[in-house]
Amino acid sequence: MFDIGTIKYYKSFGVKVIGIYHGVFISAMYNNNTSLYRIWQNLKYLDAFIHLSVDDYYFFNSFGFKRNIFLPNLYTFKPSEVPSSNLTNHNIMMLGRLNDKKKGVIYALKAMYYIIKEVPDAQLNLISSDNRMQEFKNISNDLNLTNNIHFFSYVEKISDYFLNSSIFFFTSLTEAFPMALNEAKAYGLPCVTFDVSYSVPYQRGVIKLEHFDYKGLAREVIKLLKDYDYRIKMGKEAKLSLNRFSNEKTINLWERLFKSLQTGENEFQKLR
């Protein structure tokens, strides 16, 4: 990533080079992968460096690299055109990579142990596809949750699962600009998460708990499952939170970036 030779090759032809970090700087700590931090020495060769996390903007600024920009992901859907779930059942949905430690799947399974004590018919549908599926199935068996946790390796119509759920579980320990969370919000699902406040999608429309507090996760899910009106209220808030960013606004930021690179003007502070 951000190979000096590649950057210099394109710049030798007068090409502007923009780096995009599709992640967040603290993620590597959870996966014991410190090689990502070695890119710092290469940043000075970039004409701009785009981040999906506001904290990353300040983090890299603190190392003296002043060409940082926060630009959110584009939605792959129009929130206003996505149908909302009726939230009438006790189904909980998760979507993500099981083999990524920072996704915190184990805490969702532990939370389910306490959830079914209060809401026995609660069901967790976990949709993923990787080589840790059997490992987590074994854990759910050890917790006597075989009848309450269901694993799906691949589904053609993810919308069917969103519409047949009443809560979205998102137990990631770090995230930059998570599209799965935004998509769940578009379907009007109340979202229960760990507190990743530096990530903009977490700032509104979610119920946040301290990291690793799986009993707290369970407590909040139980509240939602027992109170239909509360679910509806939180689901509406989640959907409305998507109005903070629109594809039109994001595209405008890209256009301003390209213009500033063409003219040589420094608009990076404005782009914040």
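No experiment lies behind these values; they were computed from the predicted model shown.
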> Donor-acceptor pair, S140 side chain versus L145 backbone, under 3.5 Å?
Replying inline: no
>> Could you tell me if the side chain of V17 sits less than 4.5 Å from the side chain of Y45, heavy atoms only?
In response: no
Check: residues 234-242 side-chain donor-acceptor pairs under 3.5 Å, at least two apart:
residue, atom, partner, partner atom, Å
K239, NZ, V82, O, 2.5
K239, NZ, S84, OG, 2.9
K239, NZ, A186, O, 2.9
S241, OG, K185, NZ, 3.1
S241, OG, A238, O, 2.6

> Parallel, tilted or perpendicular for W254 and F258, by the 30°/60° rule?
Replying inline: tilted
> Would you say L261 and I18 make side-chain contact, with heavy atoms under 4.5 Å?
Replying inline: yes
> Under the 3.5 angstrom rule, does the side chain of S166 hit a backbone N or O of N89 as a donor-acceptor pair?
Replying inline: yes
>> Per the salt bridge (Lys or Arg N to Asp or Glu O under 4.0 Å) rule, what does the pair list look like for residues 154-174, sequence neighbours excluded?
In response: K157-D160
>> Tell me whether the rings of Y107 and F194 are parallel (<30°), tilted (30 to 60°) or perpendicular (>60°).
In response: perpendicular
>> Would the distance check show the side chain of K102 and the main-chain N or O of S172 forming a donor-acceptor pair, the cut-off being under 3.5 Å?
In response: no
> Atom CD in E135, atom CD1 in I106: separation rounded to 0.5 Å?
Replying inline: 8.0 Å
>> I'd like to check Y187 versus S159 (side-chain heavy atoms, cut-off strictly below 4.5 Å). Are they in contact?
In response: yes
>> Would you say OH of Y228 has more than 12 non-hydrogen atoms from neighbouring residues, nucleotides or ligands within 6.0 angstrom?
In response: yes
>> Show, in sequence, the C-alpha distance, side-chain angles and deciding distance for L71 and L257, and conclude whether the side-chain contact (heavy atoms from CB on, under 4.5 Å) test is met.
In response: CA-CA 10 Å; L71 274 175; L257 169 60; 4.3 Å; yes
>> As a quick check of understanding, evaluate side-chain contact (heavy atoms from CB on, under 4.5 Å) for N252 and R256, giving each step before the final call.
In response: CA-CA 6 Å; N252 178 257; R256 288 169 57 194; 3.4 Å; yes
> Where is the tightest heavy-atom contact between Y9 and F13, given as atom of each residue plus distance?
Replying inline: O-CD1, 3.2 Å
Which pairs of donor and acceptor atoms, one on a side chain in residues 121-128, lie under 3.5 Å apart (sequence neighbours left out)?
residue, atom, partner, partner atom, Å
D121, OD1, H90, ND1, 2.8
D121, OD2, H90, ND1, 3.1
Q123, OE1, H150, NE2, 2.5
Q123, NE2, D121, O, 3.3
S128, OG, G96, O, 2.6
S128, OG, L98, N, 3.3
S128, OG, D130, OD2, 3.4

> Roughly how far, to the nearest 0.5 Å, is CE of M93 from CG of L95?
Replying inline: 5.0 Å
>> Going by ring-ring contact (aromatic ring centres under 6.0 Å, His included), name the residues that satisfy it together with Y113, two or more places apart in sequence or in a different chain.
In response: none
> Is there side-chain contact between I167 and V192, with heavy atoms separated by less than 4.5 Å?
Replying inline: yes
> Which ILVMFWY residues are connected to L74, directly or by a chain of links, through side-chain heavy atoms under 4.5 Å apart?
Replying inline: I251
> Taking atom CG of D56 and atom OH of Y21, what is their separation to the nearest 0.5 Å?
Replying inline: 6.5 Å
> So, for P83 and L163, which heavy atoms are closest and what is the spacing to 0.1 Å?
Replying inline: O-CD2, 3.7 Å
> Does anything in residues 9-23 pair up under salt bridge (Lys or Arg N to Asp or Glu O under 4.0 Å), and if so which pairs, sequence neighbours excluded?
Replying inline: K11-D47
>> Atom OH of residue position Y230 - does it have more than 12 heavy atoms of other residues, nucleotides or ligands inside 6.0 Å?
In response: yes
> Is there a donor-acceptor contact under 3.5 Å linking the side chains of H51 and N68?
Replying inline: yes
>> If I take atom OG from residue S153 and atom CZ from residue F151, how far apart are they, to the nearest 0.5 angstrom?
In response: 11.5 Å
> Within the distance-only criterion (no hydrogens, no angle test), does the side chain of S199 pair as donor or acceptor with the backbone N or O of Y202 below 3.5 angstrom?
Replying inline: no
> So how far is it from I139 CD1 to L143 CG, rounded to the nearest 0.5 Å?
Replying inline: 7.5 Å
>> For A108 versus T171, what's the shortest heavy-atom pair and its separation?
In response: CB-CG2, 3.9 Å
> Just by modelled atom types, is the F177 backbone N or O under 3.5 Å from a matching donor or acceptor in the N73 side chain?
Replying inline: yes
> Is it true that a side-chain atom of R67 and a backbone atom of L46 form a donor plus acceptor pair closer than 3.5 Å?
Replying inline: yes
> Is K249 close to R244 at the side-chain level, that is, under 4.5 Å between some pair of heavy atoms?
Replying inline: no
> Does any N or O in the side chain of S85 come within less than 3.5 Å of the main-chain N or O of S165, such that one atom is a donor and the other an acceptor?
Replying inline: yes
>> Counting C-beta onward and ignoring hydrogens, is there a side-chain heavy-atom pair between I222 and K226 closer than 4.5 Å?
In response: yes
> Looking at Y75 and F245, what are the two nearest heavy atoms and their distance?
Replying inline: CE1-O, 3.2 Å
>> If I take atom OG1 from residue T193 and atom CG from residue L209, how far apart are they, to the nearest 0.5 angstrom?
In response: 7.5 Å
>> Check this for me: does any side-chain nitrogen of one of E175 and K103 sit under 4.0 Å from a carboxylate oxygen of the other?
In response: yes
> Would you say the ring centroid of F212 lies under 6.0 angstrom from that of Y214?
Replying inline: no
>> Under the criterion side-chain contact (heavy atoms from CB on, under 4.5 Å), I'd like the reasoning laid out for L109 against I149: C-alpha separation, chi angles, the key distance, then a yes or no.
In response: CA-CA 8 Å; L109 302 187; I149 298 180; 3.6 Å; yes
>> Walk me through whether H211 and V196 qualify under side-chain contact (heavy atoms from CB on, under 4.5 Å).
In response: CA-CA 9 Å; H211 277 56; V196 185; 4.3 Å; yes
> Taking everything shown except R204 itself, do over 12 heavy atoms lie less than 6.0 Å from its CZ?
Replying inline: no
>> When you compare the side chain of F169 with that of V221, does any pair of heavy atoms fall below 4.5 Å?
In response: yes
